[in-house]
Amino acid sequence: MILTVPSAAAQSEGEFSEKEAQTIDRMIMCPVCPAETIDQAQVEISFQMRALVRKMLAEGKSRQEILDFFVARYGADILASPPKSGVNLLAWLLPLVGVAGGLAGVYFIIRSMTGRDQRPVSVGSQIDPHLAPYLGMVDRQLALNRPSLTTHASGGQSGNVDDPAGTVKGPDLAETDG
Amino acid sequence: MGDLGAISLWIALALTAYSAIGSVAGKLRGSPALIESAQSAMYAALVAILLSTISLVVSFINRDFEIAYVARHSDLAMEDRFTWVAFYAGNEGSLLFIATVLAMMASVAVWRAPEKVRDALPYTTSVMMLVLTFFLAVTAVMANPFEKLPFVPADGEGINPLLTHFGMFVHPPALMSGLIGITIPFSFAIGSLLARKTGDEWVDSGRSWGILTWALLAGGLLLGSWWAYTILGWGGYWFWDPVENAAFMPWLALTAFIHSIMVQKRRGMFRMWNVALINVAFGLALYGMFMNRGGSIPSVHSFGASSLGWVFLTFLCIGVIVPFVIFFWRYSLLKSAQNLDSMLSREAAFLVNNLLLLAIAFVTLWGTVYPLISRLANDEEITVARPFYDQVNGPLMLGLIFLMGVGPLLPWRRANLTSLRRALVAPVTVGLFTVLILAILGLRKDYALIGFGLSSFIFAGILMEWYRGTRSRNRSAGENYVSAFAHLIWANRPRYGGYIVHLSVIMVTLGIVGTSFFNTQQDVVLSPGEKIAIEDYEVVYVGTVETPKGNRVEFESTVEVYRDGKLLDTVFPSRAFYPSFNMASTRAAIRSTPVEDLYVVPSENLPDGSVGFRILVNPLMWWMWVAGPVMLLGTVVALWPQPSLVPAPTTSSATVPASAGTSAT
């Protein structure tokens, strides 16, 4: 598609992809506007730079050549994101390392927490004796094999009263958040 | 009038300082009378601040240009309704606005504080009043809105044209309220620590105020995006601008907080973590408010560089260091009541949720400060803008969305693999099926496929939960499906409010994926009568009417939209040029349907009557804006007061009352 760009200095002759031109526009910052790319900025120099991008694309230049051209003239800060080379690689690597480290951290924290024996809860309360047979029925029906459940009859964890197995489906039985 | 405002401001400052000191002194000395009087001082301060606010409003309405702030942000031509916006258009007014909001929230928080936090309440009050004192002091001493000019100008400078859009009536107040509102849950946490509480008394207040401020911030962020979309004229909605990021980060921390606080409420776990988290959220909120006034990083938002930056930076350091000192001091009180049972449990899922949210916040912070670091370390200025965040935050957000689908299906404590598989089968099938269909239809972009697949997976998961719950009520209570569903939501408001909010998140995801990967853009100059084809539309430029008005020249263009030869719509994009500001503001004409937006905005009005247009087709944008009201609904449902469970007695000899452990219906 050939397009006219506002205030274009000269019409390009070759064919190029407007989509590609727009993508490149979004990678180049406007030198005079605060934090806008030349795609966003509606000022004269931005229009001129956009025209230049299209002219170079029409001449057959590649994306990297065009970006290098602008960096040579305006400095590395004309690019919308840090170059993935040299010291600026740090910009990309630090988040990666940080997140990976965080995930590992969470993994080990969870593992260390689940490794310990179950601590009996200090908020002890007795199960209402009328409920005990029904709880037993529920357990049998679910046919779960969890060691902690064998202690509930002797007045164990209060967390079990409303959530015996933890996997009962249906909000009215187990899920009483609030 | 201005004098009344200035005096009220100073009186309020004195009252809040007294309230802050008196609350703590009263508690330490065991003097209920002192505590009482400190509390009354807080309410009195609210009255004084409101008086100050009202006098500024009246000064605006009277166009009292002797007051410098009024002269700078209004003029005789300004319509009265813009007084609301002009109030917080500048540093001084926005600080007064923040102080007003904090005073109101603090008063309500104390007034409605539940019985169980009574003991810690004086400390909580003190923290809130300390923060309020800071803001009032900065306002009164360094940025006084009632400062007078040595003469009375004939006319003011006028209000910034970018602020004359409806979005500006709601976006800044929502954001400012959300940011300063984080003080409330923060104060409850710190108050509880100072009062040596070992339990979870502060959790209910922390949760309620946390969700409220979360919703305010989310609304503010969405509204800001919508405003940018309709008025800034480049067809996008998010810049990753440093000031945007500064509001985004506390929101992420708050999102993490409102999830992990649920674990504390349900199981008494994550006690230390939640205090640390709300400290971080508060610190980030202070950073957000600092960014708005510091001017250290160029941004479209900055109120301009000012010496206020240093004061805020100092307060920010204090606001981060002191709470963490208190945290470590009282660390030993915060042991969890329970342990994590399994890696495959809702608790663990919440931990990963927190990790991802904080990771996104970290990446955002990193991207915001990297230019400074680069400048200081390498003497080279590097820009970090959208491409960076797309590549780094994008995958993190997809991971978060995935977790949002799986998490609610995980039970507390330990998941039974068979029942988990049963719960996951249908949603996962729907998700994969969606991906398959889209791929067959020709869609090849990986992130888009993943995004759509995850969205349908989560949507299916939520619907299945709703269906199963409704069906079980229908079977056990015999209700018909409609009333069963209504009762289901009503009986489990926090949970179902959460589901509704998750639905709104999916809608936002759809909007982001649609516009990021499938939008089409054309920049053209059209003379009257000329047309251009974009996607399956034909856009015809008819003509422009130029109207000079008081402080601007307006250019309203008429554009016709055709499809298959039929006229779909006539739209009127406009552009106004303000000579005194040397700035233009645009109003995009947007033809919005759930499928896509056709977006037409003029970027240039040339003397021969032709207009430079930017025309965009933005698929699925509509969903992002609709997500706002849905999210609001979910928040209201989640926050609607639910009668609390009767706690089990703590002595083992007592019997459990019959009502314990049942949900209130």
Side-chain angles (χ1 to χ4, degrees), chain A residues 3-6 18 22 26-27 29 34-37 39-40 42 75-82 87-88 91-92 94-95 98-99 102-103 106 109-111 113-114 116 118-119 121-128 144 155 158-159 161-163 165-167 169-172 174-178, chain B residues 233-234 236 239 241 266 298-300 337-343 348 351-352 355 359 362-363 366 370 378 380-388 392 396 411-416 419 468-469 472-473 488 492-495 521-525 603-604 612 642 648-650 652 655-656 661 663:
Chain A
L3 244 22
T4 44
V5 174
E18 177 61 19
Q22 287 171 8
R26 292 186 193 124
M27 297 168 105
M29 302 302 286
E36 284 185 326
T37 59
D39 175 73
Q40 297 163 239
Q42 310 287 0
D77 59 334
I78 201 70
L79 291 177
S81 62
V87 66
N88 290 308
W92 298 93
L94 194 83
V99 174
L103 270 170
V106 168
I109 290 173
I110 297 181
R111 221 177 69 158
M113 283 174 92
T114 57
R116 268 184 267 154
Q118 285 270 4
R119 241 196 294 154
V121 180
S122 54
V123 185
S125 64
Q126 284 201 332
I127 305 293
D128 188 333
L144 279 175
S158 60
V161 175
D162 59 332
D163 185 18
T167 59
K169 285 294 126 191
D172 48 303
E175 302 310 330
T176 54
D177 298 29
Chain B
W234 53 277
F239 278 82
D241 173 88
R266 195 70 152 77
S299 151
V300 288
Q338 318 267 6
N339 271 332
L340 250 181
D341 289 82
S342 153
M343 218 171 297
L351 264 182
V352 181
L355 170 76
F362 171 69
V363 169
W366 175 242
Y370 188 75
N378 307 328
E380 194 183 27
E381 186 86 37
I382 296 283
T383 317
V384 179
R386 186 176 165 170
F388 176 80
V392 185
L396 287 174
W412 293 100
R413 305 195 59 169
R414 187 192 306 268
N416 175 281
S419 49
R468 263 196 250 124
S472 114
R473 275 194 89 99
L488 182 66
N492 298 284
R493 274 162 260 159
R495 184 185 178 87
Q521 176 177 313
Q522 287 199 19
D523 291 300
V524 285
V525 178
S603 54
E604 258 196 316
Q642 185 139 350
T650 50
S652 53
T655 51
V656 171
S663 72

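Here is how names work: the chains are called A, B, and so on, in the same order as the sequence lines, proteins then strands, and each is numbered from 1.
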What pair of heavy atoms forms the shortest contact from A:P95 to B:F362, and how long is it? CA-CE2, 4.2 Å
If you take all heavy atoms of A:A91 and B:W366, which pair is closest and at what distance? O-NE1, 2.8 Å
Against chain A, label B:I382 side chain, backbone, both or neither, depending on which of its atoms sit under 4.5 Å from a heavy atom there. both
In terms of heavy-atom proximity below 4.5 Å to chain B, should A:V87 be classed as side chain, backbone, both, or neither? both
Residue selection (most heavy-atom pairs with chain A, distance under 4.5 Å) from B:L355, B:V384, B:N378: B:L355
Side chain, backbone, both or neither: which part of B:V392 has an atom under 4.5 Å from a heavy atom of chain A? side chain
Minimum heavy-atom separation for A:P82 to B:F388, with atom names? CD-CD1, 4.2 Å
Inter-residue atom distance B:Q521.CD - A:R26.CZ, 0.5 Å rounding: 5.0 Å
Taken to the nearest 0.5 Å, the spacing of A:E36 CD from B:D241 CG works out to 9.5 Å
Side chains of A:Q40 and B:R386 only: does a donor on one sit below 3.5 Å from an acceptor on the other? no
If you compare all heavy atoms of A:V99 against all heavy atoms of B:A359, which two are closest, and at what distance to 0.1 Å? CG2-CB, 3.7 Å
Would a distance-only check, ignoring hydrogens and angles, find a side-chain to backbone donor-acceptor pair under 3.5 Å from B:T383 to A:A80? no
What's the spacing between A:N88 CG and B:E380 CD if we round to 0.5 Å? 5.5 Å
Taking every non-hydrogen pair under 4.5 Å, which of A:L103, A:V106, A:T37, A:D39 racks up the most with chain B? A:D39
